[in-house]
Amino acid sequence: MKRVFIQEVVTRDGFQAEPRFIPTEDKIRLINRLSHAGYAKIEVTSFTSPKAIPMLADAEAVMRGIDRVPGVEYTVLIPNLRGAERALAVGVDEFNLVMSVSETHNQSNLRMSRADSAKALGEVISLAHQSKVAVNISLSTSFGCPMSGMTPTHELMHWIDHFVDQGVRGISICDTTGMANPRQVTEICEQAQSKHPNTQWTLHFHNTRGMGLANALAAVQAGIVRFDSSLGGLGGCPYAPGATGNICTEELVHMLDLMGFKTHMNLDLLLECAADLRTLVDRPLPSQVLLAGKVDRLYDKICQS
Ligand code: COA
Ligand code: ZN
């Protein structure tokens with residue numbers, strides 16, 4: 001059965017909108033445990049403006065503090081050249097650039113037009129190539145935007161073509177506020193992969209409308225082998241109204257493993273980390289598997305009604 005690569009985003013997408021600051025040492029401890037769970041990549045933090053994302057103002061300290069476990073790629077989100085320079089100074093395996101397919105969301109999130117973002121990111125890509133750092137770009141609002149509606153597929157394809165031409169290694173097609181449906185996912189995954197078969201494709205779903213795992217299933221059936229997901233289902237962009245959590249890592253792994261896909265993930269360790277995460281954020285997490293346990297959890301009592 002097919003190998004599927006899981007990429008953790010909890011300490012970046014997951015934490016960025018949390019209301020209470022999570023101490024640097026807790027972030028480091030969590031990443032160090034997750035590094036032994038079988039991930040292909042961990043998105044550790046973002047080198048964004050600390051005014052825009054105060055939760056991740058400790059990006060340098062976190063990157064310097066974590067263990068780098070061989071076999072795991074440590075990536076970071078980068079919005080501009082300043083962020084790229086900061087990331088280079090601490091050493092990262094990959095720059096994960098970000099821009100939105102929706103003009104409105106790009107203005108809200110990055111305070112510039114898509115054209116200005118693309119120009120600035122062109123300089124960042126050149127810097128990455130010179131510095132021999134791999135480049136991925138996350139295209140936010142690829143399926144829909146909470147301010148401008150469903151995203152026309154030709155606009156998404158335009159930006160995909162643009163960044164493939166610029167020589168990025170990978171592209172993440174991101175459903176920032178859970179507006180994608182499985183049929184749309186199938187069409188877009190087929191189109192993107194057939195046009196650019198050598199690009200490393202990632203699908204990044206949020207479960208805002210309960211379609212997250214259905215979308216992941218549609219994507220894997222369309223040939224996608226990389227997924228972003230967040231422990232406990234935490235997550236959401238603070239500059240996208242109505243945003244909620246990413247698809248939940250332990251739910252995704254639980255489903256894919258049961259279906260026979262090879263994720264090479266340690267699900268028991270994920271569940272332990274998710275239980276600790278619930279304590280760290282001090283509220284219930286939207287993780288059904290954390291609540292119910294894996295399918296092999298058996299009860300020795302007969303329920304009396
Ligand atoms: N790292 C640290 N500081 C940065 C920075 C970076 N990458 N980019 C800009 N800054 C600082 C500037 O030095 C300036 O600081 P000052 O006010 O002390 O002089 C301040 O931020 C404003 O700079 P400016 O270039 O005018 O940026 P902006 O205010 O228009 O913000 C972004 C642009 C892209 C930096 C900001 O919107 C951002 O970080 N957005 C990230 C959003 C995000 O991560 N969303 C969730 C993920 S999808
Ligand atoms: Zn996201």
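In each ligand, atom 1 is the first atom listed, and ligand 1 is the first ligand listed.
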Considering heavy atoms of the protein only, find what lies nearest to [atom] and give residue, atom and distance to 0.1 Å.
atom                    : value
atom 4 (C) of ligand 1  : Arg82 NH1, 3.4 Å
atom 46 (C) of ligand 1 : Gln16 OE1, 3.4 Å
atom 39 (O) of ligand 1 : Ser49 N, 2.8 Å

Within the structure, does at least one protein heavy atom fall under 4.0 Å of [atom]?
atom                    : answer
atom 24 (P) of ligand 1 : no
atom 2 (C) of ligand 1  : yes
atom 27 (O) of ligand 1 : no
atom 20 (C) of ligand 1 : no
atom 10 (N) of ligand 1 : yes

Taking [atom] as the point of reference, which of [options] owns the nearest heavy atom?
atom                    : options                      : answer
atom 33 (C) of ligand 1 : Leu56, Thr48, Leu110, Thr176 : Leu110
atom 29 (O) of ligand 1 : Arg12, Arg111, Lys51, Met112 : Arg111
atom 7 (N) of ligand 1  : Val98, Asn80, Asn96, Asn106  : Asn80
atom 42 (C) of ligand 1 : Thr141, Asn109, Ile78        : Asn109

Salt-bridged, Glu94 to Lys41, with N to O below 4.0 Å? yes
Taking 4.0 angstrom as the limit, do Lys294 and Asp268 come out as a salt bridge? yes
Would Pro50 count as a contact residue for ligand 1, given that I'm defining contact as a non-hydrogen atom of the residue lying under 4.0 Å from a ligand atom? yes
Which is it for Ala52 and ligand 1 at heavy atoms under 4.0 Å: side chain, backbone, both or neither?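 It is the side chain that touches ligand 1; the backbone stays farther off.
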Note: Leu77, heavy atoms under 4.0 Å from ligand 1, region reported as side chain
Determine whether Gln7 and Asp228 satisfy the following criterion, side-chain hydrogen bond (donor to acceptor under 3.5 Å, both in side chains), listing intermediate values before the conclusion. CA-CA 5 Å; Gln7 306 179 162; Asp228 283 349; 2.8 Å; yes
Flag Cys237 as yes if one of its N/O/S atoms falls below 2.8 Å of the Zn ion (ligand 2), otherwise no. no
Tell me, please, if Asp13 has any N/O/S atom, main chain or side chain, under 2.8 Å from the Zn ion (ligand 2)? yes
Can you tell me how far CG of Leu270 sits from CG of Leu34, rounded to the nearest 0.5 angstrom? 7.0 Å
Within-4.5 Å side-chain heavy-atom neighbours: Val92 and Met63: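 Val92 vs Met63: side chains touch.
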Count the heavy atoms of every other residue, nucleotide or ligand shown that sit under 6.0 Å from CZ of Arg183, and state whether that count exceeds 12.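 Not buried by this count: 12 neighbours or fewer within 6.0 Å.
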Name the orientation class of the two ring planes belonging to Trp159 and His162 (parallel below 30°, tilted from 30 to 60°, perpendicular beyond 60°). perpendicular
Below 3.5 Å, can you tabulate the donor-acceptor pairs from side chains in residues 118-133 to any protein atom, sequence neighbours excluded?
residue : atom : partner : partner atom : Å
Ser126  : OG   : Gly122  : O            : 3.2
His129  : NE2  : Gly167  : O            : 3.3
Ser131  : OG   : Leu127  : O            : 2.6

Testing the 3.5 Å rule here: is there a donor-acceptor pair between the side chains of Ser113 and Gln107?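 The criterion, which ignores hydrogens and geometry beyond distance, is not satisfied for Gln107 and Ser113.
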To 10 degrees, how wide is the angle NE2 (His204) to the Zn ion (ligand 2) to NE2 (His206)? 100°
Where Ala180 and Met211 come nearest, the two heavy atoms and their spacing: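 Closest pair (atom of Ala180, atom of Met211, distance): O-CE, 3.2 Å.
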Taking a hydrophobic cluster as the set of Ile, Leu, Val, Met, Phe, Trp and Tyr residues connected by side-chain heavy atoms closer than 4.5 Å, whether directly or through intermediates, do Leu203 and Phe5 fall within one such cluster? no
